[in-house]
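I have placed the structure first, in the form of structure tokens, so that the comments after it can refer back to it.
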Amino acid sequence: MGVARGVTAAIILILMGQQAVAAELAQSASVPQAGAAATKWPNPWQVRLRALGVITEDSGYVNAVPGSGLSYSNTVTPELDISYYFTDNIATELILGTTYANIEGQGAIGALGNVGKVWLLPPTLTLQYHFTNFGAFKPYVGAGVNYTIFYNQHAGSADALKVNNTFGTALQVGFDYMVDQHWGVNFDVKKLFLKPDFDVTVDGAKQTGKAELDPWLIGAGVTYRF
């Protein structure tokens, strides 16, 4: 149900963003221009560098083991994002970063301890709406899609472990506070709906399951608008 709500919210926000883009472009086209005196759009490109805290939800299970559970380590990692503004209000953002997760057995499989460790690369593309009537304070909301790649996977107490790459959805809220025309500070919170399937082998027995990570990504850093 959480994934369904996330997908529904992402679709609604994306559709709202698309309608806003169309409305703003139509309004811009209808405003008469005064030749050389016409207002020029600012540079549409922006980058941010953040320190990002990755806080997972400790949930998941092995399909054939009733009462099994999973937990994952929380991490801090650098994150780079690149934004392109279609208008002053509508932008798209590509979020890039990588981190790792230690996977621990819980409940009926708690005796396994550390099942393994995986690295993940979760590039995320969001469509955002930026509010521009608060001066230097520029809040925004966004929604989008995510594709997470799991790599450098190592088994711990398990004989073998493979977490499968998967798509997910993302919701986002944050703000920039612009110090001048180019530089600002940023605070951003994202929720990823991420539930990859996995294959694991323990004592020669192959099992499948689902890792319900659903992480919160909480970041703070600097903004540069070209």
Side-chain angles (χ1 to χ4, degrees), residues 1-25 43-57 72 74-99 101 119-132 138-151 163-176 184 186-197 210-226:
M1 291 296 294
V3 175
R5 288 194 296 267
V7 171
T8 301
I11 291 172
I12 291 171
L13 284 172
I14 288 172
L15 290 175
M16 289 174 64
Q18 290 174 337
Q19 292 173 350
V21 169
E24 288 203 13
L25 291 177
N43 191 299
W45 292 100
Q46 177 180 278
V47 295
R48 297 189 186 93
L49 183 63
R50 302 186 185 105
L52 188 70
V54 182
I55 304 172
T56 59
E57 293 189 6
Y72 321 96
N74 300 324
T75 59
V76 176
T77 188
E79 179 205 60
L80 171 70
D81 75 59
I82 303 169
S83 297
Y84 183 87
Y85 283 77
F86 299 102
T87 72
D88 282 348
N89 299 102
I90 306 299
T92 187
E93 178 185 75
L94 177 63
I95 303 158
L96 301 170
T98 188
T99 189
W119 281 81
L120 54 151
L121 176 66
T124 304
L125 183 66
T126 62
L127 181 67
Q128 301 171 330
Y129 185 85
H130 292 253
F131 301 89
T132 56
K138 301 185 182 300
Y140 58 86
V141 294
V145 294
N146 160 272
Y147 184 73
T148 299
I149 301 166
F150 296 91
Y151 66 100
V163 183
N164 300 318
N165 300 341
T166 188
F167 282 98
T169 58
L171 298 176
Q172 177 184 37
V173 62
F175 68 85
D176 292 301
N186 174 261
F187 181 77
D188 183 271
V189 177
K190 290 181 286 292
K191 175 67 172 180
L192 300 187
F193 297 89
L194 186 62
K195 294 176 167 53
D197 295 320
K210 188 174 290 291
E212 299 181 353
L213 296 162
D214 289 347
W216 288 94
L217 309 181
I218 303 174
V222 295
T223 297
Y224 183 79
R225 181 77 182 262
F226 290 94

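Nothing fancy with the numbering, it's 1 onward along the sequence.
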Minimum side-chain heavy-atom gap Phe167-Val145 below 4.5 Å = no

When rounded to the nearest 0.5 angstrom, what distance separates OG1 in Thr77 from CH2 in Trp119?
-> 7.0 Å

Could you grab the distance from atom OG1 of Thr169 to atom NZ of Lys191, nearest 0.5 Å is fine?
-> 10.0 Å

Heavy-atom pair with the smallest gap, counting every atom of Asn74 and Ile55 | OD1-CA, 3.4 Å

Does Leu194 offer a backbone N or O that forms a donor-acceptor pair with the side chain of Asp214 under 3.5 Å?
-> yes

Between the main-chain N or O of Asn165 and the side-chain N or O of Thr148, is there a donor-acceptor pair closer than 3.5 Å?
-> no

Rounded distance [0.5 Å steps], OH in Tyr85 versus CZ in Arg225 | 5.5 Å

Taking C-beta and beyond as the side chain, do Val47 and Phe226 meet within less than 4.5 Å on heavy atoms?
-> yes

Give a yes or no on whether the backbone of Ala143 and the side-chain of Thr126 come within a donor-acceptor separation of less than 3.5 Å.
-> no

Let me see the working for Asp176 and Tyr140 under side-chain contact (heavy atoms from CB on, under 4.5 Å), right down to the final yes or no.
-> CA-CA 8 Å; Asp176 292 301; Tyr140 58 86; 4.0 Å; yes

What's the spacing between Thr98 OG1 and Leu52 CG if we round to 0.5 Å?
-> 11.5 Å

Heavy atoms, side chains only, cut-off 4.5 Å: are Leu49 and Tyr224 in contact?
-> no

Ignoring hydrogens and angles, tell me if any N or O in the side chain of Thr124 forms a donor-acceptor pair with the backbone of Asn146 under 3.5 Å.
-> no

For Gln172 and Asp188, what are the C-alpha separation, side-chain angles and deciding distance, and is it a side-chain contact (heavy atoms from CB on, under 4.5 Å)?
-> CA-CA 7 Å; Gln172 177 184 37; Asp188 183 271; 3.0 Å; yes

Rounded distance (nearest 0.5 Å) linking atom CG of Leu192 with atom CG of Leu213 | 9.5 Å

All pairs passing salt bridge (charged side-chain N to carboxylate O under 4.0 Å, His left out) where residues 74-85 contributes a residue, at least two apart | Arg48-Asp81, Arg50-Glu79, Arg50-Asp81, Glu79-Lys190

Is there a side-chain contact between Glu57 and Tyr72 (heavy atoms, below 4.5 Å)?
-> no

Rounded distance [0.5 Å steps], CG in Leu127 versus CD1 in Ile90 = 6.0 Å

Tell me whether the centres of the aromatic rings in Tyr84 and Trp45 are closer together than 6.0 Å.
-> yes

Report yes if the side chains of Asn89 and Thr132 come closer than 4.5 Å at any heavy-atom pair, otherwise no.
-> yes

Answer whether the closest heavy-atom distance between the side chains of Pro196 and Asn164 falls below 4.5 Å.
-> no

Given Thr166 and Asp197, is the side-chain contact (heavy atoms from CB on, under 4.5 Å) satisfied, shown in steps?
-> CA-CA 8 Å; Thr166 188; Asp197 295 320; over 6 Å; no

Would you call the rings of Phe175 and Phe187 parallel, tilted or perpendicular if under 30° counts as parallel and over 60° as perpendicular?
-> tilted

So, for Gly97 and Pro122, which heavy atoms are closest and what is the spacing to 0.1 Å?
-> O-CD, 3.0 Å

